[in-house]
Amino acid sequence: MIKDNGFENTSGNGELEDELLEALNKKGLLPTDEEAAADGETAGQGEAAEEAGPGEDAEDSAQPEEESLEEFLSEDAAEEEAPEQDGKAKGKKPKKSKRDSRRFRYGSMATAVTAVVTVLVVVLNVVVSLLADRFPINIDLTQNKLFSLSDNSVEIAKSINKDVQVIVFGSEDLYKNPNMGSDYYLVEALYKEIYKALQQYTSYSGGKVSVKYEDLNLNPQLATQYTKYEVTSGDILLLCGDRYQKASFNDMYEISGDGYTQAQTVSSKVEVALASRIKNVMRDTVQVITAFVGHEEDEDTVSALKSIYEANGYEFKELNLASSEEIDANTVAGLIVGPTKDFTAEEIERLQKWLDNDGKLDRNLMVFADFQAECKNLYEFLNVEYGLEVTDNLIMETSLTRTFRYSGYYPYADTADTEFTKDLSGSGNVLIPLTRQIITHKENNAENSLYNVPLITSPESAKLMKIKDATDENASSEDDKSFAADAYPINGMAAAVKWTYVDNEQVKTNVILSGSSQIILAASQANVKNENVLISALNAMTGVVDDINVSTKSLERDTITFSDSTTLIVGLGVFTVGIPVIILVICLVVFLKRRHL
C-alpha cells in the first residue's frame, strides 16, 4: 500500500510505482515532507475521530487549506506544462482533490451568475426603454408644472375613445432636446412642452393617440402628401377618420399686455390648443359657422375671429351673400365682422330669409359693428326685426382705472350674468375699444316671443361722445362734448332672442350685436375675458357644451423653487436616506457573498 498519496498498489510492479510517483510529483500532486507530516497528524486525528464516533469534528478535519491566487495559477500552469505519459499512465487518471472540485464549483457558479446578470441587465434595459416610450415617467420640477398635463387634460386624455394620429411637422430632436441658446429659452420651453404633452397624451390614452414627426426641412417632398391640409414647418396636424384639426406654432402661445404698466407677458397655450383640437377632431358632427363677407371687412379682424372659433371646434367658412353660392346646410351661425360697406337690399332679404328658415327659426347670427362705418340697411334691419339699435355714440370712460393705457375710448366694461355669458359675470373684465352704444328696444323678458338681453355694459362713470366729435382732428381738448346717457348701464353688446313653437317644441333664433369689432383684436390682452365671452356666446346659441377647462401657463423664466414637500422628498428622501441606504445594502450583499470564498 502507498499511504503517502492515498493510492493502493495492487500490481506489485515497482517500476510502474516509480513512474507513477514521478508523474504525480511533476503535476504537483505529491505532498512535501512538511505536508506529509501534517497529513500524518491529520490521519491520526481522523482515526481518533472514527474511534470517538461518526459526525464529531469530521467536517472541521476535512476542511482544505486556504490558498492564494498565485498558488492557484501556478498549479494550473504546472498542469498545462506537464508532459504526456505513456499509454498505461494515461489510462489511469488521478482523482481530483477536494480543493480542485471546490474551485471548479465556485468558478462555474460565478461564471453562470455573471452571464445571467448580464442577460438580465440587457433585457431589463430593453424593457425599460420600451415602457418609457409607452408610459413615460416625468419628474417636473418647474413651479407651474409646465411639462406636466393638468388634471383636466389628463381626464380628456383618458376619455379618448377613437384613434387620433398627431403629426408634428418638425424634427423630433428639436422638440425633445431643444438647444437654441439662452436668448430663446421661451421657444425652447414651448418645444419641450409640446413634446412632453404629446408623450403623456399617448400614455394616458392607452395608445389611442399616436405621434410622429415629419421634418419638412430635411424632406420637402413630404409636404405633397399633406397638400390638402396646407401645412408648413411647425404645424401640428390631428387626424381622426375623415376629420382633421390643425394648429400652428403661433397657436401654442400668447403675448399679452397690461393696460396699466404696458408690460408684456408670454403664456403657453399648448395644453389649451391640444385639448380643444383633440376633442374637436373626435366629434361626430361638424359645426359650421359662415362669415358673410364682401363688404370691405378688416382681414386681420376676420382672421383673429376665425382662429378663436376654429380652436374651439368650429369649421369656419366665408360666403358673399351677393353671390349665387348656397349657404352651407350645416351652418349653425352666421357672422358679420366689421363691414365698412353697407349690404344691398337683396343681401338683406337673403339674410332675413335664411334667419327665418321658413318659420322654423333655429338660426343664429353675430354682428360686430365698425366704429365709424355707415351701414344703414344693415342697422335698420337689426333694429326693426330684433329691436337692436346701433347708435352714432361712442362709449367714453371717465374713470382712468377702467381704461386701457388711460384712453377713455378703450374702456374696461362689465359682463352681465346671462345665458350667453355663463360663469363670466364680473366688473371691468372685458376690454371694448372704440365701441358704439347699443340701445335695446325690447324688454328683457323670456316670456315674450322677442326679447333683448344686455351682455356687456358700462357703468355711470362712462359717458357718450358723438362719432363725428370723437374723430374731429381739429377738436380742442378743452372742448368737452361728451354727455351722459339717458339710461344706465350703457350697452356695448346685447342679444335678441326670437322664439316660436314647431311641433310642440320651442325653437329659437338668436342675434348678438356688438358695438365694437375691436373687441375681437383686444382678446389677446392680459387679464380680460374677451375670448371667453366670444366663445361662450357662440356656444350658447349653437347649444355646444364647453367642457374644456384648461388654463394657460406662464413661460416667464424664474429661479427654480421647490415646495416644502419636494424639498423633503429630494433632500431627505433621496440624498440623505435613499442613496446611502442603497450603497449600504450593496456593500452588505457583497460582503456576505465574498466572506466564504
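These values consider heavy atoms only, across backbone and side chains, with no hydrogens, waters or symmetry-generated copies. This structure is a prediction, so every number in the text was calculated from the model and none was measured.
- Side-chain atoms of N364 and N510 include a donor-acceptor pair closer than 3.5 Å.
- A donor-acceptor pair under 3.5 Å links the side-chain atoms of S205 to the main chain of Y201, judged by distance alone.
- In this structure, S307 contributes its side chain and A304 its backbone to no donor-acceptor pair below 3.5 Å.
- Looking only at distances, no side-chain donor or acceptor of R402 sits under 3.5 Å from a matching main-chain atom of P411.
- Summarising the local packing, CD of E230 is surrounded by 12 or fewer heavy atoms from other residues, nucleotides or ligands at distances under 6.0 Å.
- Taking the centre of each ring, Y226 and F169 come in below the 6.0 Å mark.
- Atom CE of residue M252 and atom CD of residue E271 lie 11.5 Å apart, to the nearest 0.5 angstrom.
- Sparse packing is recorded around CD of E380, with 12 or fewer heavy atoms of other residues, nucleotides or ligands lying under 6.0 Å away.
- Heavy-atom contacts from other residues, nucleotides or ligands closer than 6.0 Å to CG of N445 number more than 12.
- Residues T403 and E397 have side chains that never bring a donor and an acceptor to within less than 3.5 angstrom of each other.
- Between I535 and I308 the shortest side-chain heavy-atom distance falls below 4.5 Å.
- Two residues are said to be in side-chain contact when any heavy atoms from C-beta on lie closer than 4.5 Å; K317 and E315 meet this criterion.
- Between the N491 side chain and the M493 main chain, no donor and acceptor come within less than 3.5 Å of each other.
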side-chain hydrogen bond (donor to acceptor under 3.5 Å, both in side chains) for D235 and T232? Distances and angles first, verdict last. CA-CA 6 Å; D235 286 349; T232 58; 3.2 Å; yes
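- Within 6.0 Å of CD in Q165 there are more than 12 heavy atoms belonging to other residues, nucleotides or ligands.
- The OG1 atom of T418 sits 8.5 Å away from the CG atom of L424 when rounded to the nearest 0.5 Å.
- No donor-acceptor pair under 3.5 Å is formed between the side chain of T457 and the backbone N or O of P454.
- The two residues A495 and L388 come nearest to each other via the heavy atoms O-CD2, 4.1 Å.
- Looking at I467 and L394, their side chains come closer than 4.5 Å, going by heavy atoms from C-beta outward.
- Atom CG of L355 sits about 12.0 Å away from atom CZ of R350, to the nearest 0.5 Å.
- Side-chain contact check for N393 versus F483: some heavy-atom pair is nearer than 4.5 Å.
- When each of R277, K246, K269, K306 is paired with D251, the salt bridge (charged side-chain N to carboxylate O under 4.0 Å, His left out) condition holds for R277 and for no other.
- Contact detail for Y451 and A446: the closest heavy-atom pair is CE2-CA, 3.5 Å.
- Exactly one of N357, T331, D356 qualifies for a side-chain hydrogen bond (donor to acceptor under 3.5 Å, both in side chains) with R363. That residue is N357.
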Determine whether F381 and F343 satisfy the following criterion, ring pair (Phe, Tyr, Trp, His ring centres under 6.0 Å), listing intermediate values before the conclusion. CA-CA 10 Å; F381 164 71; F343 283 63; 9.2 Å; no
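- Of the inter-residue distances, the one linking R243 atom CZ with D284 atom CG reads 8.5 Å to the nearest 0.5 angstrom.
- Atom OG1 of T435 and atom CD of Q518 lie 8.5 Å apart (nearest 0.5 Å).
- M366 places a side-chain heavy atom less than 4.5 Å from the side chain of M541.
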Check the pair F368 / L513 against side chain to side chain contact (heavy atoms under 4.5 Å, CB included), numbers first and verdict last. CA-CA 6 Å; F368 299 88; L513 173 60; over 6 Å; no
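- Minimum heavy-atom separation, H441 to N452: N-OD1, 3.2 Å.
- Checked by atom type, the side-chain pair T290/D328 shows no donor-acceptor distance below 3.5 Å.
- Looking at S248 and N250, their side chains never bring a donor and an acceptor atom within 3.5 Å of each other.
- The two atoms that bring F292 and E297 nearest to each other are O-OE2, 3.6 Å, heavy atoms only.
- The closest donor-acceptor contact from the side chain of D370 to the backbone of A373 lies under 3.5 Å.
- Side-chain contact between K192 and K196: present, with at least one pair of heavy atoms (C-beta onward) separated by less than 4.5 Å.
- H295 contributes atom NE2, which lies 8.5 Å from atom SG of C375 (distance to the nearest 0.5 angstrom).
- When atom types are taken as modelled, the side chain of Y488 and the backbone of A462 share a donor-acceptor pair closer than 3.5 angstrom.
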So E214 and K212, salt bridge (Lys or Arg N to Asp or Glu O under 4.0 Å) or not? Walk me through it. CA-CA 7 Å; E214 300 281 17; K212 72 175 181 176; 3.4 Å; yes
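- At least one side-chain heavy atom of V453 sits less than 4.5 Å from a side-chain heavy atom of L455.
- Aromatic ring pairs are classed by plane angle as parallel below 30°, tilted from 30° to 60° and perpendicular above 60°; the pair Y314 and Y309 is perpendicular.
- When all heavy atoms of D362 and T509 are compared, the pair lying nearest together is N-OG1, 3.4 Å.
- In this structure the side chain of I160 reaches within 4.5 angstrom of the side chain of M282, judged on heavy atoms.
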Step by step, work out the salt bridge (Lys or Arg N to Asp or Glu O under 4.0 Å) result for K466 and D392. CA-CA 6 Å; K466 290 294 183 182; D392 292 331; 5.9 Å; no
Applying side-chain hydrogen bond (donor to acceptor under 3.5 Å, both in side chains) to R283 and N280, what does each step give before you reach the verdict? CA-CA 5 Å; R283 285 180 175 168; N280 295 333; 3.3 Å; yes
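- Residues T301 and D298 have side chains that bring a donor and an acceptor to within less than 3.5 angstrom of each other.
- Using modelled atom types, one finds no donor on one side chain facing an acceptor on the other under 3.5 Å when comparing S516 with S514.
- The cationic atom of K442 (NZ for Lys, CZ for Arg) does not lie both less than 6.0 Å from the six-membered ring centre of Y386 and within 45° of the ring axis.
- Results of the side-chain hydrogen bond (donor to acceptor under 3.5 Å, both in side chains) test with T415 over T421, N530, N429 single out N429 as the only residue that passes.
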Go through the steps for V211 and Y195 under the test side chain to side chain contact (heavy atoms under 4.5 Å, CB included), then give the verdict. CA-CA 10 Å; V211 183; Y195 181 84; over 6 Å; no
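- Listed here is the closest heavy atom pair of E419 and K508: OE1-NZ, 4.1 Å.
- Without hydrogens or angle criteria, N448 side chain to L450 main chain gives no donor-acceptor distance under 3.5 Å.
- Proximity of a side-chain donor or acceptor of T542 to a complementary backbone N or O of L538 within less than 3.5 Å is detected.
- Between Y409 and F371, the distance separating the two ring centers is not shorter than 6.0 angstrom.
- Put simply, the side chain of E188 gets close to the backbone of M180: a donor and an acceptor are under 3.5 Å apart.
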Side chain to side chain contact (heavy atoms under 4.5 Å, CB included), that's the test. Do I490 and I438 meet it? Break it down for me. CA-CA 8 Å; I490 302 173; I438 304 297; over 6 Å; no
